[in-house]
Participant: 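Just passing along the structure, written as structure tokens.
Throughout, protein chains are lettered first and strands after them, A, B, ... in sequence-line order, and every chain is numbered starting at 1.
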Amino acid sequence: MTATRTDPPPTGTRLRPPRNPVDRRAIGWWTANLLLLVLAPVVVLAVLGLLIPPARFWLVAPAVLIAAVGLPAAVALPRWWFRVHRWEVTATAVYTRTGWFWQEWRVAPLSRIQTVDTRRGPLEQRFGLSTVVVTTASAKGSLTIPGLDRAVAEDLAEQLTVTTQASPGDAT
Amino acid sequence: VTGEWRRTERRTIGYTTVFMAGVAVLAGVPTAFGLADGLSWPVALAWVLPGAAVVIACGVVAEWLHWRHTSYRVDAERVELRTGVLVRARRSLQRERIRTVDVTADPLARVFGLVTVRIGTGEHTDEGTVRLWGLAPGTGDELRRTLLTRAGTAPTADGELAALDPRWIRYAPLSFVTPVLGASAFGGVLNVADWFGLAGGVIGWAVDLLAGLPVLAAIGALTAGGLVVGVVGSLGLWVEMWRGYRLEREPGGTLRVRRGLLTTRSISLEEERLRGVDVVEPLGSRLSGAARVDAVATGMATGADKDKGQHRTLLPAAPKAVADRVAADVLREPLSPTEAVRLTGHPVAARGRRVRWALAAVVAVELPLLVLGALLTDVLLQLAAVVAVVGVPVAVALGLDAYRALGHGTVGGYLVTRSGSVRRSTVALQRRGIIGWTVSQSVFQRRAGLATVRATTAAGAGAYAIRDVGLGALTATSEQAAAQHGQRGGRAQLGVVGAEQRAEQREPVAHARGGEPAPRPVGLDERAAVALGPQPQQGAPLRRGQPPPQPQHRLRGVAAAGADLVEQGQLLGARARQQRLDQPLLGAEQEQQDPRAAADGLGQRPQRHPGQAVVQHVAVGQLQQLGAAGGRRLRVGRHSAILH
């Protein structure tokens, strides 16, 4: 450790991020998710605060607090995630990067993949997105690629399934 | 085996009768006391006795129905179990997929001559397990042998790998069981007293007894009392768990652990499922020179099993030398990889992190004491002072020790990683068992240039971590390696993470050693060559007493070296042996290149594009190793996509 670095140097000194960003619509999807998450308690607390005058302060104050923290987060975090979330499938492996505070790179060789699922939550469907989940025999080795365009996700899942079937053994 | 449907033993009904009677007594006595307190004894008994009778009757009838509707059969292809009174269930396991057959018997079952057989396929669901309750011990044993011996498995040397030495009991009180038992003893006393409505009396009695003493002395007395109970309890528990312990290798490649005083257990593990060992040294054991050996295997007991941790243990806390020998024997290596490897230390930045964590734990204890002390009583402030005086040095010592523990390396076909102070764990994981990698980095780690690298595997805990390695070092080193060896740069793989003084020596070493034999003992170099060669041969090549499996010249060298090591190992002291086998990771990888490899590497150099991110080679290098080591053809070139 000759020097500690605070920002990524231009080339060659870090794990190369996977090439593909997630679909841009994922920003909208994540924002919607966070808004729901933030607004649900805020609305409940605000309504209760209106209905119960004696406890108004103790109900409205947390609501304001949650809104004050949550709304900027709901706007900022998805953009952040969009920049960080990356994925790539190569001839040999599936490779993802997620997280900012705890950044995580995951690599799973194609030969060790056990199942490939696509998931579409109700909100995700509205945005035309899918999540691909790749599991390996390890309980801690699965990869999740959220926020892919539906067609891309289906192609990916099919491609991975075909490749996986081609490799023999029980992938342990 | 005959393929006929068979019933379990009818004696299970007798067992259930006695068992339910016990339950009824345990539940009934406190209830009766409770009721008698408010009402009168006859009324209380009039309620409790019929209640107990109903409980027993229900249990027995349920068991009888269960017994009548349960049958199993074992034929040439599968094991089938039919159960269910209202909903008929039928479960069938392919015999070839069966990996574990465990036989247990609790004390009451032993009186009745019954055992429980758990047949597992190693899947992470209940679907993969058949539990047969209520077989005669002979039938259980026969079943175990039949199911785990299959045609086509080469007969291997069997026999006893380890047996209990009664002196190992001295390590029992040093475990964490002691304080836990001690503390729970107080809770237990209060609980029982509470049944009889005497809890207040017991507390009052204890307060009176200790009233004459100063507070700290009273705390000391209570602690001492708890410790005595804890020591006695841990000794008793150890005897119950490990009495009659034997670790054996059975024909057909199965490891079998037998143990238990009251509840007898027989745990079988197919060697094919073994992916490595974990040599665990809890602080107490380590200070007294002891270690435990756990198996890292796929398809071990999972999910709801209450003592699944115990199922993994191949050897209880025993002298370190014994543990190392058992680890080696279990893996069929001349020397345990955990002992043979020389671990590369981790960057100094990791030390600060560990010390800070330990101090944070002290602060977490101090804060409530200080706050409550300021608000309530000075006694807590005194206590806080004592905790600070004792805690800070201990925390710093633990932090430094945890840093010393950090290390990783590769030897033979194994990745070895060590970490932990309070529970130091040295895991040797077969590289063919690694099925992926996860690199994670928190903001703090990023600032310190560290990362935690996890090898994911189907076995054991699912992932084994190399904590706080220098990611900066990883990059620099692999860049160099890639430049030296082109495509083979990938081989720099995980081993390169770490010490950067090596990065400085690298260039001359690689050049000097690339074209001439390394001036070191053959055993060492050959091992490394096999360990790190571009196409490691499948499985571990360091088998004792077996001919070398492949005709490749390197492997022959290794087999010879392996035999050599066995002989020398007994002559040389542990220290000397270690040095012989040691290999600095990075150094070894680069030095052990044979001339052709070096030439190839240099030849490929011009193909590299300047400014290319080189850690990419690392990622692929790992995969390449994984694929080849796993017996699959996984052709990864420098030009594949991750590499680009």
Side-chain angles (χ1 to χ4, degrees), chain A residues 1-20 84 87-115 134-144 163-164 166-172, chain B residues 122 124 273 275 298-299 302 347-349 433 435-443 445-451 454 456-459 461-463 470-476 479 500 611-616 618-620 622-624 626-627 630-632 634-637 640-644:
Chain A
M1 221 56 22
T2 47
T4 51
R5 299 191 184 88
T6 45
D7 51 9
T11 50
T13 43
R14 302 215 154 214
L15 281 168
R16 172 176 69 65
R19 298 213 174 280
N20 310 314
V84 172
W87 64 277
E88 183 170 343
V89 177
T90 73
T92 53
V94 189
Y95 180 30
T96 65
R97 181 183 75 174
T98 55
W100 180 82
F101 196 83
W102 279 283
Q103 209 159 62
E104 199 165 77
W105 291 263
R106 284 172 170 265
V107 184
L110 293 183
S111 61
R112 304 304 185 115
I113 291 174
Q114 283 199 327
T115 65
V134 175
T135 61
T136 64
S138 167
K140 292 180 182 164
S142 64
L143 278 78
T144 307
T163 325
T164 310
S167 50
D170 66 351
T172 59
Chain B
H124 286 275
R273 306 299 279 189
R275 293 288 179 274
T298 60
T302 51
V348 180
I435 60 178
W437 294 98
T438 302
V439 182
S440 60
Q441 204 175 37
S442 73
V443 169
Q445 280 179 312
R446 215 173 309 167
R447 275 196 352 220
L450 302 174
R454 288 190 175 80
T456 58
T457 167
L471 191 63
L474 168 117
T475 336
E479 189 165 5
E500 79 263 31
Q612 183 179 346
V614 189
V615 192
Q616 299 160 9
V618 176
V620 171
Q622 294 154 11
L623 298 176
Q624 193 168 27
L626 291 174
R632 293 154 193 274
L634 189 72
R635 295 197 187 281
V636 191
S640 67
I642 268 203
L643 284 181
H644 186 75

Participant: Any idea which heavy atoms bring A/K140 and B/A461 closest together, and the distance?
Facilitator: NZ-O, 3.1 Å
Participant: Do you know which two heavy atoms are closest between B/G436 and A/P109, and how far apart they sit?
Facilitator: CA-CD, 3.9 Å
Participant: A/E104 and B/T438: which non-hydrogen atoms are nearest, and at how many Å?
Facilitator: CG-CG2, 3.5 Å
Participant: With sequence neighbours excluded, tell me which residues meet side-chain hydrogen bond (donor to acceptor under 3.5 Å, both in side chains) with A/T135.
Facilitator: A/T115
Participant: Between A/S138 (side chain) and B/G462 (backbone), is there a donor-acceptor pair under 3.5 Å?
Facilitator: yes
Participant: Starting from the C-alpha separation in whole Å, work towards a yes-or-no answer on side chain to side chain contact (heavy atoms under 4.5 Å, CB included) for A/Q103 and B/R446.
Facilitator: CA-CA 9 Å; A/Q103 209 159 62; B/R446 215 173 309 167; 3.8 Å; yes
Participant: Residues in side chain to side chain contact (heavy atoms under 4.5 Å, CB included) with B/S442, at least two apart?
Facilitator: A/W102, B/R353, B/F444, B/Q445
